Amino acid sequence: MEHTGTIPVGGIADPDLREVALQPGPVASVQMAVDPATEQAAQKDLVRWRAVRERLAGAGAATPALDALEALVPDAHQHGTALLAVAGADGARLVQYAGAAPRRELARWSALADLGPFIERRQVELAHLVVVVEHTGADVVVDRGHGPVDIERAAGATSGPVHRASVGGWSQRHFEERVKHTWEEHAQAAADRIAELARSVGARVIVVSGDARAITLLRGALPPDVAGLVEVADGTASAGGHAAEAGVVHRLVHTVAARDTVAVLDAWRQQLGEHGRATTGAGATLAALREGNVEVLLVHDDVDDERFAFFGPAPEHASLDREDLIAMGVEPREGRLVDVAIRAALGTGAAVRVVPGHGGP
(Lines give C-alpha, C1' and ligand atoms only; values in the text may rest on other atoms or scores of the structure.)
Protein backbone atom coordinates (compact mmCIF):
# COMPACT_ATOMS: atom_id res chain seq x y z
CA MET A 1 0.00 0.00 0.00
CA GLU A 2 1.68 3.17 -1.22
CA HIS A 3 1.11 6.75 -2.17
CA THR A 4 2.83 8.58 -5.00
CA GLY A 5 3.38 12.07 -6.25
CA THR A 6 2.83 13.06 -9.88
CA ILE A 7 2.72 10.05 -12.19
CA PRO A 8 2.19 9.69 -15.96
CA VAL A 9 -1.15 7.90 -15.71
CA GLY A 10 -3.29 8.11 -12.60
CA GLY A 11 -5.94 5.96 -11.05
CA ILE A 12 -9.69 6.04 -10.66
CA ALA A 13 -11.44 8.88 -8.80
CA ASP A 14 -14.99 8.71 -10.11
CA PRO A 15 -17.57 10.77 -8.18
CA ASP A 16 -20.00 7.86 -7.82
CA LEU A 17 -17.33 5.79 -6.08
CA ARG A 18 -16.49 8.66 -3.76
CA GLU A 19 -20.15 9.08 -2.83
CA VAL A 20 -20.55 5.40 -1.98
CA ALA A 21 -17.24 5.29 -0.10
CA LEU A 22 -18.38 8.04 2.25
CA GLN A 23 -21.90 6.77 2.90
CA PRO A 24 -22.40 5.16 6.32
CA GLY A 25 -22.41 1.36 6.58
CA PRO A 26 -22.73 -1.46 7.08
CA VAL A 27 -23.12 -2.50 3.48
CA ALA A 28 -23.11 -5.63 1.36
CA SER A 29 -20.52 -5.77 -1.42
CA VAL A 30 -21.00 -8.38 -4.13
CA GLN A 31 -19.08 -9.49 -7.21
CA MET A 32 -20.58 -12.53 -8.92
CA ALA A 33 -20.55 -14.18 -12.32
CA VAL A 34 -23.66 -14.20 -14.48
CA ASP A 35 -24.09 -16.17 -17.67
CA PRO A 36 -25.66 -14.50 -20.70
CA ALA A 37 -24.85 -17.41 -23.03
CA THR A 38 -27.20 -20.07 -21.63
CA GLU A 39 -30.91 -20.69 -21.82
CA GLN A 40 -32.89 -19.71 -18.74
CA ALA A 41 -29.97 -17.51 -17.65
CA ALA A 42 -32.05 -15.58 -15.12
CA GLN A 43 -33.14 -18.72 -13.30
CA LYS A 44 -29.60 -20.14 -13.24
CA ASP A 45 -28.18 -16.87 -11.94
CA LEU A 46 -30.80 -16.78 -9.19
CA VAL A 47 -29.69 -20.25 -8.10
CA ARG A 48 -26.11 -18.98 -7.91
CA TRP A 49 -27.32 -15.89 -6.05
CA ARG A 50 -29.02 -17.94 -3.33
CA ALA A 51 -25.66 -19.29 -2.18
CA VAL A 52 -24.28 -15.73 -2.12
CA ARG A 53 -27.32 -14.54 -0.17
CA GLU A 54 -26.87 -17.26 2.41
CA ARG A 55 -23.26 -16.20 2.98
CA LEU A 56 -24.26 -12.58 3.43
CA ALA A 57 -27.19 -13.42 5.69
CA GLY A 58 -24.87 -15.56 7.81
CA ALA A 59 -22.63 -12.51 8.22
CA GLY A 60 -25.60 -10.46 9.47
CA ALA A 61 -26.59 -8.63 6.30
CA ALA A 62 -29.83 -6.65 6.52
CA THR A 63 -32.78 -8.09 4.63
CA PRO A 64 -33.49 -4.86 2.67
CA ALA A 65 -29.92 -4.91 1.36
CA LEU A 66 -30.23 -8.54 0.32
CA ASP A 67 -33.58 -7.92 -1.35
CA ALA A 68 -32.16 -4.96 -3.28
CA LEU A 69 -29.29 -7.08 -4.57
CA GLU A 70 -31.57 -9.97 -5.47
CA ALA A 71 -33.71 -7.65 -7.59
CA LEU A 72 -30.66 -6.97 -9.79
CA VAL A 73 -29.86 -10.60 -10.54
CA PRO A 74 -32.57 -11.67 -13.05
CA ASP A 75 -31.64 -9.00 -15.62
CA ALA A 76 -27.90 -8.89 -14.97
CA HIS A 77 -27.09 -11.35 -17.77
CA GLN A 78 -28.43 -8.80 -20.28
CA HIS A 79 -25.59 -6.40 -19.41
CA GLY A 80 -22.48 -8.58 -19.14
CA THR A 81 -20.92 -11.61 -17.51
CA ALA A 82 -20.35 -10.13 -14.05
CA LEU A 83 -22.48 -8.17 -11.59
CA LEU A 84 -20.83 -5.86 -9.08
CA ALA A 85 -23.02 -4.10 -6.53
CA VAL A 86 -23.07 -2.41 -3.15
CA ALA A 87 -26.26 -2.21 -1.08
CA GLY A 88 -27.22 -1.03 2.38
CA ALA A 89 -30.41 -1.09 4.41
CA ASP A 90 -31.60 1.78 2.17
CA GLY A 91 -31.24 -0.32 -1.00
CA ALA A 92 -28.74 -0.55 -3.85
CA ARG A 93 -26.10 2.20 -3.80
CA LEU A 94 -23.81 1.20 -6.67
CA VAL A 95 -24.32 -1.18 -9.58
CA GLN A 96 -21.80 -2.05 -12.29
CA TYR A 97 -21.67 -4.74 -14.96
CA ALA A 98 -18.52 -6.15 -16.53
CA GLY A 99 -17.72 -7.96 -19.74
CA ALA A 100 -15.50 -10.63 -18.17
CA ALA A 101 -16.32 -13.05 -15.38
CA PRO A 102 -14.59 -12.33 -12.06
CA ARG A 103 -11.46 -14.25 -11.10
CA ARG A 104 -12.87 -14.49 -7.59
CA GLU A 105 -16.42 -13.97 -6.41
CA LEU A 106 -17.05 -11.62 -3.50
CA ALA A 107 -19.77 -11.49 -0.87
CA ARG A 108 -18.99 -9.29 2.12
CA TRP A 109 -21.10 -7.54 4.78
CA SER A 110 -18.89 -4.95 6.41
CA ALA A 111 -18.60 -1.42 7.75
CA LEU A 112 -17.30 -0.03 4.44
CA ALA A 113 -18.02 -0.72 0.80
CA ASP A 114 -15.49 -2.96 -0.95
CA LEU A 115 -14.71 -0.76 -3.95
CA GLY A 116 -11.50 -2.44 -5.08
CA PRO A 117 -13.24 -4.66 -7.67
CA PHE A 118 -15.07 -1.66 -9.14
CA ILE A 119 -11.83 0.29 -9.46
CA GLU A 120 -9.92 -2.64 -10.94
CA ARG A 121 -12.62 -3.18 -13.56
CA ARG A 122 -12.79 0.48 -14.52
CA GLN A 123 -9.05 0.82 -14.97
CA VAL A 124 -8.90 -2.08 -17.44
CA GLU A 125 -12.24 -1.62 -19.21
CA LEU A 126 -11.11 1.65 -20.76
CA ALA A 127 -13.21 3.95 -22.87
CA HIS A 128 -12.36 3.19 -26.49
CA LEU A 129 -13.55 3.42 -30.07
CA VAL A 130 -13.78 0.59 -32.58
CA VAL A 131 -13.60 1.95 -36.12
CA VAL A 132 -14.25 0.12 -39.38
CA VAL A 133 -12.97 2.33 -42.16
CA GLU A 134 -13.38 2.25 -45.91
CA HIS A 135 -13.36 4.88 -48.64
CA THR A 136 -16.89 6.18 -48.05
CA GLY A 137 -16.28 6.86 -44.37
CA ALA A 138 -16.26 4.81 -41.20
CA ASP A 139 -18.54 2.93 -38.84
CA VAL A 140 -17.70 3.84 -35.24
CA VAL A 141 -18.55 2.00 -32.04
CA VAL A 142 -18.18 4.20 -28.96
CA ASP A 143 -17.56 2.08 -25.85
CA ARG A 144 -17.32 4.03 -22.60
CA GLY A 145 -15.85 1.07 -20.74
CA HIS A 146 -18.71 0.84 -18.24
CA GLY A 147 -21.86 2.34 -19.63
CA PRO A 148 -23.86 2.61 -22.84
CA VAL A 149 -22.35 1.70 -26.20
CA ASP A 150 -23.21 3.86 -29.23
CA ILE A 151 -22.83 3.15 -32.94
CA GLU A 152 -22.73 5.79 -35.65
CA ARG A 153 -21.64 6.44 -39.19
CA ALA A 154 -18.92 9.01 -39.86
CA ALA A 155 -18.76 9.99 -43.53
CA GLY A 156 -18.19 12.93 -45.81
CA ALA A 157 -20.94 14.69 -47.73
CA THR A 158 -19.24 14.64 -51.12
CA SER A 159 -20.86 12.69 -53.93
CA GLY A 160 -17.68 12.21 -55.95
CA PRO A 161 -16.52 8.81 -57.23
CA VAL A 162 -15.06 6.42 -54.66
CA HIS A 163 -14.18 3.43 -56.85
CA ARG A 164 -11.36 3.33 -59.34
CA ALA A 165 -12.38 2.29 -62.80
CA SER A 166 -10.81 2.08 -66.22
CA VAL A 167 -12.43 4.89 -68.19
CA GLY A 168 -9.68 4.93 -70.81
CA GLY A 169 -8.19 7.71 -72.83
CA TRP A 170 -7.05 11.14 -71.71
CA SER A 171 -9.62 11.30 -68.84
CA GLN A 172 -8.21 8.31 -66.90
CA ARG A 173 -5.74 10.37 -64.88
CA HIS A 174 -8.34 13.06 -64.19
CA PHE A 175 -10.82 10.45 -62.98
CA GLU A 176 -8.24 8.86 -60.66
CA GLU A 177 -7.44 12.27 -59.18
CA ARG A 178 -11.15 12.81 -58.48
CA VAL A 179 -11.34 9.42 -56.72
CA LYS A 180 -8.28 10.24 -54.63
CA HIS A 181 -9.71 13.62 -53.71
CA THR A 182 -13.02 12.00 -52.68
CA TRP A 183 -11.18 9.46 -50.51
CA GLU A 184 -9.28 12.24 -48.80
CA GLU A 185 -12.45 14.25 -48.15
CA HIS A 186 -14.19 11.24 -46.63
CA ALA A 187 -11.13 10.43 -44.53
CA GLN A 188 -10.98 14.00 -43.21
CA ALA A 189 -14.70 14.05 -42.37
CA ALA A 190 -14.41 10.70 -40.59
CA ALA A 191 -11.27 11.82 -38.77
CA ASP A 192 -12.94 15.00 -37.52
CA ARG A 193 -15.87 13.07 -36.08
CA ILE A 194 -13.69 10.32 -34.61
CA ALA A 195 -11.52 12.90 -32.88
CA GLU A 196 -14.61 14.59 -31.47
CA LEU A 197 -15.97 11.29 -30.16
CA ALA A 198 -12.63 10.18 -28.73
CA ARG A 199 -12.20 13.39 -26.78
CA SER A 200 -15.81 13.44 -25.56
CA VAL A 201 -15.52 10.03 -23.87
CA GLY A 202 -11.85 10.23 -22.91
CA ALA A 203 -10.93 7.30 -25.16
CA ARG A 204 -7.58 5.69 -24.39
CA VAL A 205 -7.40 3.56 -27.53
CA ILE A 206 -8.95 3.57 -31.01
CA VAL A 207 -9.01 0.12 -32.60
CA VAL A 208 -9.12 0.47 -36.40
CA SER A 209 -9.67 -2.14 -39.08
CA GLY A 210 -10.77 -2.11 -42.71
CA ASP A 211 -9.26 -1.09 -46.03
CA ALA A 212 -5.51 -0.57 -45.70
CA ARG A 213 -5.38 2.57 -47.86
CA ALA A 214 -8.37 4.05 -46.04
CA ILE A 215 -6.67 3.38 -42.69
CA THR A 216 -3.55 5.22 -43.88
CA LEU A 217 -5.61 8.23 -44.99
CA LEU A 218 -7.56 8.25 -41.72
CA ARG A 219 -4.44 8.18 -39.56
CA GLY A 220 -2.95 11.02 -41.59
CA ALA A 221 -6.09 13.11 -41.13
CA LEU A 222 -6.39 12.66 -37.37
CA PRO A 223 -4.88 15.31 -35.07
CA PRO A 224 -1.65 14.09 -33.45
CA ASP A 225 -3.09 13.58 -29.96
CA VAL A 226 -5.81 11.31 -31.34
CA ALA A 227 -3.66 9.59 -33.98
CA GLY A 228 -1.43 8.42 -31.15
CA LEU A 229 -4.33 6.37 -29.75
CA VAL A 230 -4.77 4.29 -32.92
CA GLU A 231 -4.09 0.55 -32.85
CA VAL A 232 -4.64 -1.31 -36.12
CA ALA A 233 -6.39 -4.65 -35.68
CA ASP A 234 -6.05 -7.61 -37.98
CA GLY A 235 -9.22 -8.95 -39.55
CA THR A 236 -12.47 -7.21 -40.37
CA ALA A 237 -15.09 -5.62 -38.19
CA SER A 238 -18.64 -4.37 -38.36
CA ALA A 239 -20.66 -1.82 -36.42
CA GLY A 240 -23.07 -3.96 -34.47
CA GLY A 241 -20.81 -6.39 -32.72
CA HIS A 242 -17.80 -4.19 -32.03
CA ALA A 243 -15.66 -6.36 -34.27
CA ALA A 244 -15.58 -9.70 -36.00
CA GLU A 245 -12.59 -10.42 -33.79
CA ALA A 246 -13.86 -9.05 -30.47
CA GLY A 247 -11.01 -10.80 -28.69
CA VAL A 248 -8.54 -8.61 -30.59
CA VAL A 249 -10.27 -5.47 -29.33
CA HIS A 250 -10.27 -6.82 -25.78
CA ARG A 251 -6.56 -7.65 -25.99
CA LEU A 252 -5.58 -4.24 -27.36
CA VAL A 253 -7.61 -2.35 -24.74
CA HIS A 254 -6.19 -4.43 -21.90
CA THR A 255 -2.67 -3.98 -23.28
CA VAL A 256 -3.07 -0.20 -22.95
CA ALA A 257 -4.37 -0.64 -19.38
CA ALA A 258 -1.38 -2.83 -18.54
CA ARG A 259 0.98 -0.16 -19.90
CA ASP A 260 -0.72 2.35 -17.63
CA THR A 261 -0.05 0.17 -14.60
CA VAL A 262 3.57 -0.34 -15.61
CA ALA A 263 3.97 3.44 -15.99
CA VAL A 264 2.48 4.02 -12.54
CA LEU A 265 4.76 1.45 -10.90
CA ASP A 266 7.85 2.76 -12.70
CA ALA A 267 7.06 6.28 -11.50
CA TRP A 268 6.48 5.04 -7.94
CA ARG A 269 9.85 3.24 -7.89
CA GLN A 270 11.60 6.33 -9.21
CA GLN A 271 9.91 8.63 -6.70
CA LEU A 272 10.73 6.38 -3.78
CA GLY A 273 14.25 7.70 -4.16
CA GLU A 274 13.08 11.32 -4.12
CA HIS A 275 12.51 12.65 -0.61
CA GLY A 276 8.82 13.05 0.13
CA ARG A 277 7.65 12.08 -3.35
CA ALA A 278 6.44 8.56 -2.54
CA THR A 279 6.17 6.24 0.41
CA THR A 280 5.63 2.57 1.14
CA GLY A 281 3.84 0.57 3.81
CA ALA A 282 0.35 0.76 5.31
CA GLY A 283 1.22 2.95 8.28
CA ALA A 284 3.07 5.59 6.29
CA THR A 285 0.43 5.60 3.58
CA LEU A 286 -2.45 6.12 6.02
CA ALA A 287 -0.46 8.91 7.66
CA ALA A 288 -0.09 10.61 4.26
CA LEU A 289 -3.83 10.19 3.67
CA ARG A 290 -4.60 11.85 7.01
CA GLU A 291 -2.52 14.81 5.88
CA GLY A 292 -4.24 14.97 2.49
CA ASN A 293 -0.84 14.42 0.91
CA VAL A 294 -1.73 11.65 -1.57
CA GLU A 295 -2.31 12.13 -5.27
CA VAL A 296 -2.60 8.47 -6.26
CA LEU A 297 -2.99 5.51 -3.92
CA LEU A 298 -1.53 2.23 -5.15
CA VAL A 299 -3.06 -0.80 -3.49
CA HIS A 300 -3.18 -4.54 -4.00
CA ASP A 301 -6.71 -5.70 -3.24
CA ASP A 302 -6.76 -9.35 -2.25
CA VAL A 303 -10.23 -10.72 -1.47
CA ASP A 304 -8.70 -12.78 1.35
CA ASP A 305 -6.84 -9.82 2.91
CA GLU A 306 -8.62 -9.28 6.23
CA ARG A 307 -6.13 -6.88 7.82
CA PHE A 308 -7.97 -4.09 9.58
CA ALA A 309 -7.55 -0.39 10.30
CA PHE A 310 -9.56 2.30 12.03
CA PHE A 311 -11.63 5.12 10.57
CA GLY A 312 -13.91 7.92 11.69
CA PRO A 313 -16.63 10.13 10.18
CA ALA A 314 -14.32 12.18 7.96
CA PRO A 315 -12.32 10.56 5.14
CA GLU A 316 -9.01 11.70 6.66
CA HIS A 317 -9.80 9.75 9.82
CA ALA A 318 -7.71 6.69 8.95
CA SER A 319 -5.03 4.93 10.98
CA LEU A 320 -3.63 1.57 12.00
CA ASP A 321 -3.72 2.80 15.60
CA ARG A 322 -7.08 3.60 17.19
CA GLU A 323 -5.32 5.99 19.58
CA ASP A 324 -4.53 8.31 16.67
CA LEU A 325 -8.25 8.84 16.10
CA ILE A 326 -9.06 9.11 19.79
CA ALA A 327 -6.46 11.86 20.01
CA MET A 328 -8.37 13.64 17.23
CA GLY A 329 -11.56 13.41 19.27
CA VAL A 330 -13.00 10.71 17.01
CA GLU A 331 -14.69 7.48 18.04
CA PRO A 332 -12.80 4.83 16.03
CA ARG A 333 -14.59 2.25 13.93
CA GLU A 334 -12.92 -0.82 12.49
CA GLY A 335 -12.82 -1.63 8.79
CA ARG A 336 -10.82 -3.72 6.39
CA LEU A 337 -7.46 -2.01 5.78
CA VAL A 338 -7.83 -1.81 2.00
CA ASP A 339 -11.34 -0.37 2.27
CA VAL A 340 -10.26 2.22 4.85
CA ALA A 341 -7.41 3.34 2.60
CA ILE A 342 -9.57 3.55 -0.53
CA ARG A 343 -12.24 5.50 1.35
CA ALA A 344 -9.63 7.94 2.66
CA ALA A 345 -8.09 8.37 -0.80
CA LEU A 346 -11.36 9.00 -2.63
CA GLY A 347 -12.64 11.23 0.15
CA THR A 348 -9.55 13.44 0.17
CA GLY A 349 -9.39 13.94 -3.59
CA ALA A 350 -6.86 11.25 -4.44
CA ALA A 351 -7.19 8.66 -7.18
CA VAL A 352 -6.78 4.93 -6.64
CA ARG A 353 -5.08 2.32 -8.78
CA VAL A 354 -5.21 -1.39 -8.03
CA VAL A 355 -1.85 -3.00 -8.82
CA PRO A 356 -0.64 -6.60 -8.92
CA GLY A 357 0.60 -8.27 -5.77
CA HIS A 358 3.85 -9.24 -7.48
CA GLY A 359 6.35 -6.90 -9.09
CA GLY A 360 4.97 -3.86 -7.31
CA PRO A 361 4.25 -2.45 -3.85
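Just so it is clear, the model here is predicted, and its values are computed rather than measured.
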Open item on the list: The test is side-chain contact (heavy atoms from CB on, under 4.5 Å); show your working for L56 and V30 and say whether it passes.
Closed with: CA-CA 9 Å; L56 291 168; V30 170; 3.8 Å; yes
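Judged by distance alone, the side chain of Q123 and the main-chain N or O of V354 form a donor-acceptor pair under 3.5 Å. In this structure a side-chain-to-backbone donor-acceptor pair under 3.5 Å is present from R48 to A33.
Scanning for salt bridge (Lys or Arg N to Asp or Glu O under 4.0 Å) contacts around E316 gives an empty result, with sequence neighbours left out. Among residues two or more places apart in sequence or in another chain, the salt bridge (Lys or Arg N to Asp or Glu O under 4.0 Å) test is passed with E306 by R108. Taking the salt bridge (Lys or Arg N to Asp or Glu O under 4.0 Å) definition, one finds that D75 meets it with nothing, sequence neighbours left out.
Smallest separation of non-hydrogen atoms from L218 and A187: CD1-O, 4.0 Å. For the residue pair S209 and A233, the shortest heavy atom distance occurs at CB-O, 3.8 Å. When all heavy atoms are compared, the tightest approach of L83 to L72 is CD2-CB, 4.2 Å. Shortest non-hydrogen contact noted between W109 and P26 is CZ2-CG, 3.3 Å.
A donor-acceptor contact under 3.5 angstrom links the side chains of Q188 and D192, judged on distance only. Checking D324 against S319 by side-chain atom types alone, a donor-acceptor pair falls below 3.5 Å.
With salt bridges taken as basic N to acidic carboxylate O contacts below 4.0 Å, none links R104 and E120. Ionic pairing of D305 and R307 is present here: one or more N-O contacts between side-chain nitrogen and carboxylate oxygen are shorter than 4.0 angstrom. Between D67 and R53 there is a salt bridge, since at least one side-chain N of the basic residue sits less than 4.0 Å from a carboxylate O of the acidic one.
Using a 4.5 Å heavy-atom threshold, the side chains of V352 and R122 count as separate. Considering only heavy atoms from C-beta on, L286 comes within 4.5 Å of L289 through its side chain. At least one side-chain heavy atom of R353 sits less than 4.5 Å from a side-chain heavy atom of D260. Counting heavy atoms from C-beta on, the side chains of H77 and K44 never come closer than 4.5 Å. Annotation: side chain of R193 is not in contact with side chain of V140 (no heavy-atom distance under 4.5 Å).
Other residues, nucleotides and ligands contribute at most 12 non-hydrogen atoms within 6.0 Å of the CD atom of E39.
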